Amino acid sequence: MLEIENLSVSYGKTPILRDVDVSVDAGEVVGIMGKNGVGKTTLVKAIIGLLEADAGTIRFDGRDVTDERADERARRGIGYIPQGRDVFPELTVEQNLKMGETINEASETLHYDTVYEYFPILEERRSQKAGTMSGGQQQMLAIGRALVGDPKLLLLDEPSEGIQPSIVQDLTRDLRELSADLGTTILFVEQNLHVVQNLSERCYAIDKGTIVDELEGDRLASRDEVAAYLAV
Amino acid sequence: MFEFDLYRVLSFAFQFLDSFAVIVLATVGLAIIFGMMGVINLAHGEFILVGAYATTLAFHAGAPLVLAMVIGVAITTVYGVILERTIIHRFYGRLLDSMVVTFGISIVMIQLTRIAFGNSLPQISTPFSSIGFGPYSYSTYRVALAGVALLTLVSLYWLFTRTDFGVRARATMQDADTARSMGVDTDRMYTSTFAIGSALAGLTGALYAPARSMNPEMGSGFLVEAFVAVVVGGPSVLLGTPLAGGLLGAVNAGFTTLGGTFIGQVAMLVAAILAIRLMPNGITGLIETIRQKRRERA
Ligand SMILES: Nc1ncnc2c1ncn2[C@@H]1O[C@H](COP(=O)(O)OP(=O)(O)O)[C@@H](O)[C@H]1O
Ligand SMILES: [Mg+2]
């Protein structure tokens, strides 16, 4: 589904990512964990196309998309949930969801029913401006917006950031179930131990702009192994 | 005594409609481009000039007035899109740079117009008659323009809040990166918005072609009013434009009625300066601050 090879990205002259290799198969839920400032957001933005690659290739769904713009990649089927959610504050909840309809041009399916089933608050508040909702509700909206157009790959940047711990657990469960229900592949970056251990089937560790480890099974289940890569 | 007052009131009302129409029509195009791309197009007045000249030339070439106006709008739109694609798009989000560049464009256009058409064009005579009462007389056409201004505002409101294009355009204004990552081709969105802003400038030029004298500097007057109204209106341009038009139009009309055209213009600029001192983020900025405070208290 997604193959990243030798990816390097910089801000101006400052190199941030070096030789990143990541691959995600269809149907997988894959995590990338790392502390603050190691380059997680940079990687996610390079995958969706908001940052340009200096070197390396990004293949999505069998096609080299390295030189495509973000909107082209979105229309190919990547649903993106930015760090800090970034809902459109002045648009209503419903208009925000509508914005997600253009994701995955090839699919006619719209998942309003599923989104409203998982997050009924979005249906209740559909005429309310998104900027007036709580952080947790905005996160639900950002997820709904990315899912509504039936993406092949869901890309999440620290979904747990700034959200109450009790809600983080619900969110993690919802994401797992949504991925299973809709058959959506998930790639997320996180520094929250609970999310890393409960959402990913496989997880890369990133440090100082490069992939340093890949964990699954017992290692991923071990609190100590995972915590070593996080600031805990 | 009563009659005298009634004339004054009527005179104020007509003057208000006239000022409101000028301010709103001069401003909408500039405001939409500013709201979307964060650039102030200082050549906006010369976009209006293109609309007015194209309309006037088409009319003198034999086109009926309405057709001449349509031609004026079309030519200004094409002209705007060409400038956007070649030059202006490089300066999006860079307010000061964009002002310098468009100021340069403005000067060049004024000179080119002078070289090509001389110091003036014969004006199209104003359609409809005048409304006379007591010592006053007003052009029906200019009052009708207030209706057109209102209709333009309503159409734009509908376009930006009720259509798919409008929702995508506002999403792009609020957060271009996120809009792009939702599949919006933001470059195309910018060009379309610039085309709409240019068309509105063209419309303003076309509508005022029969009501103003046609000379290469005619755009500057419109630009001053538009610039002031955008600053007074603040960040939410769709709401800010009619509010600023209403406020500045009322001040202008009041003082024009009392002391004549010159006093009316001066009063409007003084009001604008006061407004900016009291509301640094414009009227809509102030409204947003008040709303925020209410929300925090609730
Ligand atoms: N716009 C930017 N310009 C320059 N440097 C940046 C910018 N954004 C992030 N960085 C730097 O890039 C590095 C990686 O940032 P980021 O990808 O946001 O990390 P993370 O998401 O893992 O916290 C950090 O050192 C950060 O300071
Ligand atoms: Mg980050």
Side-chain angles (χ1 to χ4, degrees), chain A residues 41 44-51 68-92 94-107 127-134 138 141-142 144-151 154-155 157, chain B residues 31-32 35-36 38 89 92-93 156-193 233-240 281-282 284-285 287-298:
Chain A
T41 296
V44 170
K45 284 191 173 171
I47 296 172
I48 185 64
L50 292 174
L51 288 174
E68 289 189 353
R69 298 188 311 260
D71 57 292
E72 296 172 300
R73 298 188 203 183
R75 292 199 295 271
R76 289 207 188 284
I78 304 182
Y80 163 60
I81 297 158
Q83 180 167 18
R85 306 169 275 281
D86 291 348
V87 296
F88 301 109
E90 295 292 321
L91 298 188
T92 64
E94 200 168 33
Q95 288 170 333
N96 265 277
L97 291 173
K98 190 164 187 47
M99 289 299 298
E101 288 183 11
T102 27
I103 294 169
N104 197 3
E105 228 166 21
S107 165
S127 333
Q128 195 173 317
K129 279 196 180 170
T132 64
M133 302 210 299
S134 74
Q138 290 189 13
L141 178 55
R145 184 179 63 181
L147 275 176
V148 92
D150 192 28
L154 195 62
L155 196 58
D157 192 348
Chain B
I32 282 175
M36 182 78 156
H89 80 101
Y92 285 161
L156 285 173
Y157 185 80
W158 175 82
L159 176 71
F160 279 97
T161 59
R162 296 282 182 275
T163 67
D164 281 5
F165 168 82
V167 170
R168 279 192 216 115
R170 283 165 59 221
T172 307
M173 278 188 212
Q174 289 164 38
D175 185 343
D177 270 359
T178 304
R180 206 171 294 141
S181 68
M182 298 289 127
V184 177
D185 183 344
T186 48
D187 283 344
R188 202 155 84 195
M189 195 53 86
Y190 291 149
T191 306
S192 313
T193 308
S236 303
V237 294
L238 279 180
L239 185 62
N281 294 315
T284 55
I287 292 174
E288 190 47 42
T289 314
I290 293 170
R291 266 201 208 147
Q292 203 99 39
K293 286 213 178 110
R294 282 232 184 103
R295 220 178 284 145
E296 276 159 22
R297 239 181 284 143

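Note that the structure is a prediction, hence the values are computed from the model and not measured.
- Between B:Asp185 and A:Arg75 no salt bridge is recorded (no basic side-chain N to carboxylate O distance below 4.0 Å).
- Only the side chain of A:Ile48 comes within contact range of chain B, with heavy atoms under 4.5 Å apart.
- Considering every non-hydrogen atom in both B:Met182 and A:Ala74, the closest pair reads C-CB, 4.1 Å.
- Chain B forms more heavy-atom pairs under 4.5 Å with one residue of A:Thr132, A:Leu155, A:Ile103, A:Asp86 than with any other, namely A:Asp86.
- Using a 4.5 Å cut-off between heavy atoms, B:Thr161 contacts chain A through its backbone alone, with no side-chain atom that close.
- Here the CG atom belonging to B:Asp175 is positioned 9.5 Å from the CE atom belonging to A:Met99, to the nearest 0.5 angstrom.
- A donor-acceptor pair is defined here as one N or O able to donate and one able to accept, closer than 3.5 Å; such a pair exists between the side chain of B:Gln174 and the backbone of A:Glu90.
- Across every non-hydrogen atom of B:Ser181 and A:Tyr80, the tightest pair is OG-CD2, 3.1 Å.
- With a 4.5 angstrom heavy-atom cutoff, A:Pro89 touches chain B via backbone and side-chain atoms both.
- Looking only at side-chain heavy atoms (C-beta outward), A:Gln95 and B:Arg170 come within less than 4.5 Å of each other.
- For the options A:Leu50, A:Val87, A:Thr92, A:Asn104, heavy-atom pairs under 4.5 Å to chain B are most numerous at A:Leu50.
- Residues B:Thr186 and A:Asp71 fail the side-chain proximity criterion, which asks for heavy atoms closer than 4.5 Å.
- Taking CZ from B:Arg168 and CG from A:Leu91, the interatomic distance works out to 12.0 Å, rounded to the nearest 0.5 Å.
- Neither the backbone nor the side chain of B:Arg188 comes within contact range of chain A; no heavy atoms are under 4.5 Å apart.
- Taking a 6.0 Å sphere around OH of B:Tyr157, one finds it holds 12 or fewer heavy atoms contributed by other residues, nucleotides or ligands.
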